[in-house]
Amino acid sequence: MKGKIGGKNWKKLVSNNSALISFIVLFILSIMLKGTMFLSVSNIVNILRNNSIIGIIALGMTLIIITGGIDLSVGSQLAILGVVVITVFNSTQNLLLAAISGAVAAIIFGVITGILVAKCKIPAFIVTLGTMNIYRAVSQYLLNGGGLRAAGTSSEAYTFISNSNLFGIIPMPIVYWIICVIIIALIASNTAVGRHIYAVGSNEKASKLSGVDTTKVKCFAYTISALLVCVATIVETSRLGSINSSSSGTSYEMDAIAAAVIGGTSMAGGKGKILSTVLGTLTLGIINNMMNLMGVNSFLVGAVKGGIIIIAVLLQMVLNKE
Amino acid sequence: MSDYIVNMQGIEKSFGSNQVLHGVDFLLKQGSIHALLGENGTGKTTLMNILTGILSKDGGNITVDDKENNCIAFIHQELTLVNDLNVYENLFLGCELKKQGHLDKRSMYEKATEILMKMEIELDPNTKVEDINASYKQVVEIARALMKNAKVIIMDEPTSSLTNVEIDHVFTLMRGLKKQGVSFVFISHKLNEVLEICDEYTVMRDGCVVATGEVDQTVTEASLAKHMVGKDLSYDDLYIEREIGPDIMRVENLEREREFEDINFHIGSGEIVGFTGLLGDGRSEIFNTVYGCNKDYKGKIFIGGKECIMHSTGKAQKQKISYLPRNRKENGIIKDLSVGSNMSISILERFKSLLFVDKKKEKTFVDEYVGKLNIKVADTKDLITSLSGGNQQKAILAKAISSNPKLVILDNPTQGVDIGAKLEIYEIIMKLAQQGVSFVVLSSEAQEILMLCDRLYVLFHGKVKKELTRKEANEENIMILATGGNLKEA
């Protein structure tokens with residue numbers, strides 16, 4: 001079918017890449033409005049770095065939404081994992097041990113959510129609404145609602161994780177993001193469990209009858225998401241040097257869901273692409289950045305962002321219509 | 001006013017580069033039942049979708065002789081009822097009766113009762129649709145079309161999920177409506193029904209009309225089948241005598257509350273065993289349990305002589321059992337995946353190299369089975385929903401037989417499949433049985449069971465009524481047993 005782009009094929013091309021198209025439109029618009037300032041290397045690097053954490057979390061969110069679920073607890077997970085990681089780090093001064101304990105906690109969170117959703121058949125929205133409150137409350141209890149600094153002799157090594165550059169120019173958070181994107185994209189498109197994630201989201205009953213262990217698949221999705229949140233936690237706490245039990249991670253779940261949805265992930269499950277979620281994250285990032293550059297009142301940024309989310313999804317639905 | 005209520009001339013339609021209708025003419029007389037026949041994917045449904053305006057035509061003329069709009073109702077093969085609503089709420093969906101701004105539930109209920117009574121169907125309009133079985137869902141669909149005063153009703157395989165008694169009801173109803181001037185287009189693969197109910201027929205093959213005329217003495221099932229396939233067909237020499245090996249599965253006293261009880265059967269290796277009965281006989285439920293979908297069953301399941309506790313479908317797959325479920329849309333196809341992915345979903349592990357699925361190996365497998373089962377598909381990367389019903393069925397059959405199973409459970413294996421494809425599916429089953437694969441065939445079509453099976457069990461109300469050998473079984477026997485009667489000892 002190559003080289004024969006006309007009529008229907010053209011339409012198919014557009015609807016398959018609607019996330020890319022809305023991203024490009026926004027990108028060109030930004031250049032037109034704030035050309036040199038927007039395109040400067042420092043600004044572009046800035047956008048990428050500032051969105052790497054949401055970008056990492058959104059990858060897991062995409063997998064979960066493809067299975068037909070949702071995870072509202074990712075922001076609170078970030079707070080409680082931050083408490084775990086920094087507490088372990090402060091008492092042992094061992095980076096690896098801190099990371100492993102965070103990962104173990106993440107796996108436990110993921111499996112618990114997965115079992116509650118898949119085995120006990122409680123809607124994912126309800127389960128994660130519950131865990132969201134639990135994680136946040138427990139971390140606030142542990143830190144008395146305040147924060148915790150990474151301290152001790154090796155604390156510089158801890159902050160080095162995110163506050164260093166690859167080749168002297170690329171901030172490490174961006175590198176971590178890219179690595180996560182590659183891994184998750186490979187899982188989604190090239191592994192059996194990846195295919196099963198799409199199958200379960202599209203038709204759970206038929207998948208089960210085909211011998212797919214739907215509980216395992218869902219647990220896998222929630223666990224991978226929690227592990228990605230753990231990576232995001234380390235990146236974030238390293239960058240700031242601390243965790244705050246009350247403010248860290250608040251509303252990250254909404255940004256992650258928005259990124260996945262702008263990227264064309266279907267809330268009904270079964271459809272979505274990892275690379276489109278990356279575009280969705282960048283779309284959100286550019287909107288934030290442009291508001292900033294244009295000096296829009298910071299209280300209004302949310303309103304504009306919300307409006308653009310709706311417009312982006314509306315655009316995709318129009319493009320996807322046959 | 002002409003004789004014809006619908007007059008379609010030279011209809012053309014293409015999807016992309018694929019032309020599916022080549023100048024089709026279709027004439028429908030007022031007050032007649034017109035059979036539209038043809039194999040899957042020959043464009044019958046497309047033609048009807050053009051008639052109802054769901055699709056636009058690329059060329060040709062349509063005249064519909066009626067002053068009112070919306071006089072054509074299309075009852076689709078895949079039902080479009082809302083499961084969470086009542087029967088009468090479904091009937092009035094989108095045209096609810098109102099009284100001073102409120103829903104007039106009483107009048108709706110009464111009118112629904114009236115229509116169902118006219119159809120001689122015993123059904124409380126207050127029943128939730130999810131609680132009624134597939135046959136009644138079809139009845140509700142027909143009632144909905146009647147309620148809108150449709151002058152032309154298109155029925156796409158209306159009887160495929162109905163029992164014989166219900167089919168008779170529907171046919172009586174159709175004859176009654178015919179007298180009142182309602183016309184029907186009857187799309188079906190059951191040729192005996194066509195001969196029974198239809199006045200005229202049109203046979204399509206590959207997007208063209210190959211035969212049309214009145215249903216009279218000269219028209220037989222064989223002659224219609226010949227037009228459809230383009231060659232002579234014979235079911236007779238399909239069955240092949242085989243040596244049956246030792247039992248591969250034995251089930252003792254299987255029981256599940258409110259579904260079935262006291263179920264005992266055994267299946268030899270290389271044997272084709274049929275389970276038949278009327279709707280609600282529990283056969284699908286029994287094999288759902290055997291396949292590991294339900295944990296709370298009583299009784300014993302032995303596989304290869306060892307007792308197995310069947311608690312998950314994954315376990316069944318490991319025991320080399322595979323399952324082709326009934327109700328393709330709900331249980332069979334995974335709609336967002338491609339044709340290829342649907343076929344390979346059960347056996348992805350086999351294509352694993354290191355961590356990843358080797359897509360070349362997968363493609364080789366998919367292409368092999370597309371060839372073996374003669375699946376008509378442009379590109380195996382296309383969505384499964386782009387295929388016609390029969391080809392979808394073949395694709396999920398490929399999924400069931402590709403995992404090198406020892407036992408394949410086929411529930412209604414030829415639902416919505418045309419004669420040619422049906423025969424192909426039977427041949428595949430027979431060939432695999434010769435190689436020692438065992439089959440369980442669940443079907444309410446006696447013909448199908450008689451054609452394939454070495455032995456069969458007739459079920460009635462969740463119990464095994466009688467076991468019959470191939471020699472003992474005939475259509476009459478099966479019908480008597482399935483309706484709860486007993487055979488006279490010879």
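In what follows, chains carry the letters A, B, and so on, assigned in the order in which the sequence lines appear, proteins first and then strands, with residues in each chain numbered from 1. Heavy atoms only: backbone and side chains are in, while hydrogens, waters and symmetry mates are out. Everything numeric in this text was worked out from a predicted model, so none of it was measured.
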K.L.:
List the atom of A:Ala192, the atom of B:Glu349, and the distance in Å for their closest heavy-atom pair.
P.N.:
CB-OE2, 4.0 Å
K.L.:
Looking at B:Ser403, B:Ser346, B:Pro325, which makes the most heavy-atom pairs under 4.5 Å with chain A?
P.N.:
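The residue among B:Ser403, B:Ser346, B:Pro325 with the greatest pair count is B:Ser346.
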K.L.:
For B:Ser341, is it the side chain, the backbone, both, or neither that has a heavy atom closer than 4.5 Å to a heavy atom of chain A?
P.N.:
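When you check distances to chain A, atoms from both the backbone and side chain of B:Ser341 fall under 4.5 Å.
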K.L.:
Donor-acceptor pair, distance only, cut-off 3.5 Å: does the side chain of A:Asn203 make one with the backbone of B:Ile333?
P.N.:
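Checked: pair present.
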K.L.:
Which one wins on heavy-atom pair count under 4.5 Å against chain A: B:Lys315, B:Gln317, B:Lys318?
P.N.:
B:Gln317
K.L.:
Taking heavy atoms only and a threshold strictly under 4.5 Å, list by residue number the residues of residues 206-218 of chain A that touch chain B; give 'none' if the list is empty.
P.N.:
A:Ala206, A:Ser207, A:Lys208, A:Leu209, A:Ser210, A:Gly211, A:Val212
K.L.:
Kindly give the heavy-atom pair with the smallest separation between A:Ala199 and B:Ile345, and that separation in Å.
P.N.:
CB-CD1, 3.6 Å
K.L.:
Hey, does A:Leu186 have a side-chain heavy atom less than 4.5 Å from the side chain of B:Phe356?
P.N.:
yes
K.L.:
Tabulate, in ascending numerical order, the residues of residues 108-120 of chain A having at least one heavy atom closer than 4.5 Å to a heavy atom of chain B, or enter 'none'.
P.N.:
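Residues A:Lys119 are the ones that qualify, each having a heavy atom under 4.5 Å from chain B.
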K.L.:
Between B:Lys352 and A:Thr191, is the side chain to side chain contact (heavy atoms under 4.5 Å, CB included) condition met? List the steps.
P.N.:
CA-CA 8 Å; B:Lys352 231 178 195 175; A:Thr191 65; over 6 Å; no
K.L.:
Is chain A contacted by the side chain of B:Asp358, its backbone, both, or neither, given a heavy-atom distance below 4.5 Å?
P.N.:
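B:Asp358 has no heavy atom closer than 4.5 Å to chain A.
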K.L.:
Considering only heavy atoms, which portion of B:Lys335 lies under 4.5 Å from any heavy atom of chain A: side chain, backbone, both, or neither?
P.N.:
both
K.L.:
What is the distance from atom NZ of A:Lys205 to atom SG of B:Cys293, rounded to the nearest 0.5 Å?
P.N.:
9.0 Å
K.L.:
Is the count of non-hydrogen atoms from other residues, nucleotides or ligands lying under 6.0 Å from A:Leu166 atom CG greater than 12?
P.N.:
yes
K.L.:
Rounded to the nearest 0.5 Å, how far apart are CZ of A:Arg195 and CD1 of B:Ile334?
P.N.:
10.0 Å
K.L.:
Give a yes or no on whether B:Lys381 atom NZ has more than 12 heavy-atom contacts from other residues, nucleotides or ligands under 6.0 Å away.
P.N.:
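It does not: B:Lys381 NZ has 12 such atoms or fewer within range.
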